[in-house]
Amino acid sequence: MGHAGLQLVMAMDAILKNLSARCALGELDKRRADLWFVTVDPAHVRPALAHLRDNEGFTHLVLLTAVDWMEEGRFQLTYLLHNRAAALDVGLRCFIDRETATMESIHDMWATAATYQRELKEMFGIDFPGSPGVDDEFILEGWAEIPPYRRDFDTLAYAEATYTNRPGRASEDPEEYMQRKLYPEGA
């Protein structure tokens with residue numbers, strides 16, 4: 001690692017040290033010198049985000065996204081923040097219960113959060129009470145199924161029940177199709 005990389009790591013270490021003085025930090029994942037992810041308890045997300053924004057220069061909410069850990073019965077929420085002046089990114093991760101998927105809204109901290117939260121409500125069923133428009137249809141007009149990004153949503157069954165094959169088109173099994181393409185000699 002060069003001098004610039006070492007400076008980034010030192011800056012990130014200082015940021016996490018300051019953050020850990022305000023809340024307990026969980027697992028740390030250092031993806032690059034300038035991109036680290038840290039896990040916090042859901043109750044600490046808001047104060048941690050406020051600290052990073054107000055004291056550490058992370059003024060841009062890059063994204064808010066979710067991962068469905070169905071087998072573990074929980075969702076992972078990731079808040080990715082960017083510090084433009086220092087060229088650093090920090091991701092805060094937290095886990096919430098999958099069956100009672102609710103998280104505090106941060107739309108008052110970053111207006112763009114309302115859009116992310118609205119998308120997560122529609123696609124995963126994660127609620128953000130008080131977030132503007134969170135209960136309004138976003139992309140899926142008239143959707144009556146379980147949220148489609150939940151891993152227990154059966155995409156194939158939905159497609160077979162909703163769409164019909166056009167005459168003259170053959171439907172291929174993707175695995176068999178790729179094997180024929182990659183190994184035409186049957187290897």
**Student:** Can you name the one residue among L25, L19, L80, L77 that meets side-chain contact (heavy atoms from CB on, under 4.5 Å) with L92?
**Tutor:**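 That would be L19; it is the only one of L25, L19, L80, L77 passing the side-chain contact (heavy atoms from CB on, under 4.5 Å) with L92.
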**Student:** Distance check, rounded to the nearest 0.5 Å: T39 atom OG1 versus R93 atom CZ?
**Tutor:**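 Interatomic distance, T39 OG1 to R93 CZ, rounded to 0.5 Å: 4.0 Å.
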**Student:** Starting at CD of Q117, measure out to CE of M103 and round the result to the nearest 0.5 Å.
**Tutor:** 9.0 Å
**Student:** Please examine the side chains of P47 and R22, heavy atoms only from C-beta on, and report whether any two atoms are closer than 4.5 Å.
**Tutor:** no
**Student:** Where do L61 and A113 come nearest, in terms of heavy atoms and distance?
**Tutor:**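 Scanning both residues completely, I find the closest heavy atoms to be CD2-CB, 3.8 Å.
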**Student:** Check the surroundings of atom CH2 in W69: do more than 12 heavy atoms from other residues, nucleotides or ligands lie under 6.0 Å from it?
**Tutor:** no
**Student:** Ring centroid separation for W110 and F58, is it under 6.0 angstrom?
**Tutor:**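 Ring centres of F58 and W110 not closer than 6.0 Å.
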**Student:** Using side-chain contact (heavy atoms from CB on, under 4.5 Å) as the criterion, list what pairs up with M10, not counting sequence neighbours.
**Tutor:** L6
**Student:** Hydrophobic clustering (ILVMFWY, side-chain heavy atoms < 4.5 Å, transitive) - are F128 and L63 grouped together?
**Tutor:**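 Linked, L63 and F128 end up in one cluster.
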**Student:** Are H107 and V134 packed together at the side-chain level, in the sense that at least one heavy-atom pair is separated by less than 4.5 angstrom?
**Tutor:** no
**Student:** In terms of relative ring orientation, are Y163 and Y158 parallel, tilted or perpendicular, with 30° and 60° separating the classes?
**Tutor:**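 Judged by the thresholds at 30° and 60°, the geometry between Y163 and Y158 is perpendicular.
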**Student:** With under 30° as parallel and over 60° as perpendicular, where do the rings of F75 and F124 fit, or are they tilted in between?
**Tutor:** perpendicular
**Student:** When you measure from the centre of the six-membered ring of F138, is the NZ or CZ of R118 closer than 6.0 Å and no more than 45° off the axis?
**Tutor:** no
**Student:** Mind checking whether V38 and M109 sit in one hydrophobic cluster, side chains of I, L, V, M, F, W, Y counted as touching below 4.5 Å?
**Tutor:** yes
**Student:** Is there side-chain contact between D152 and R98, with heavy atoms separated by less than 4.5 Å?
**Tutor:**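 A side-chain contact under 4.5 Å exists here.
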**Student:** Could you tell me whether the side chain of L88 reaches within less than 4.5 Å of the side chain of L8, counting heavy atoms only?
**Tutor:**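 Heavy-atom side-chain distance check passes, below 4.5 Å.
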**Student:** What closest approach, in Å, do P129 and S105 show between heavy atoms, and which atom pair accounts for it?
**Tutor:**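 Heavy atoms of P129 and S105 come nearest at O-CB, 3.9 Å.
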**Student:** Only counting residues at least two apart or in another chain, list the ones meeting side chain to side chain donor-acceptor pair (under 3.5 Å) with E27.
**Tutor:**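 Side chain to side chain donor-acceptor pair (under 3.5 Å) check on E27 returns nothing, list empty.
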**Student:** Does a side-chain heavy-atom distance below 4.5 Å link Q179 with D173?
**Tutor:** no
**Student:** Is there a path of hydrophobic side-chain contacts, each under 4.5 Å between heavy atoms of I, L, V, M, F, W or Y residues, that connects V40 with L35?
**Tutor:** yes
**Student:** Is the number of heavy atoms from other residues, nucleotides or ligands under 6.0 Å of E175 CD greater than 12?
**Tutor:** no
**Student:** Can you run down the ring pair (Phe, Tyr, Trp, His ring centres under 6.0 Å) pairs that involve residues 33-56, sequence neighbours left out, and say none if there aren't any?
**Tutor:**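 Applying ring pair (Phe, Tyr, Trp, His ring centres under 6.0 Å) to every pair that reaches into residues 33-56, excluding sequence neighbours, yields nothing.
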**Student:** What I'd like to find out is whether the side chain of L156 reaches to under 4.5 Å of the side chain of D154, using heavy atoms alone.
**Tutor:**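 When only atoms from C-beta onward are counted, D154 and L156 do touch, with a gap below 4.5 Å.
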**Student:** N18 versus N55: any side-chain heavy-atom pair under 4.5 Å?
**Tutor:** no
**Student:** Does D41 reach the side chain of C23, with side-chain heavy atoms less than 4.5 Å apart?
**Tutor:**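 Side-chain contact under 4.5 Å: no.
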**Student:** Would you say L182 ends up clustered with Y177 if hydrophobic residues are merged whenever their side chains have heavy atoms under 4.5 Å apart, either directly or through other cluster members?
**Tutor:**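 Yes, Y177 and L182 fall within the same hydrophobic cluster.
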**Student:** Quick check on the hydrophobic clustering: are F153 and M70 connected, directly or via other members, by side-chain heavy-atom contacts under 4.5 Å?
**Tutor:**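 No; tracing contacts between hydrophobic side chains, which count when under 4.5 Å, never links both residues.
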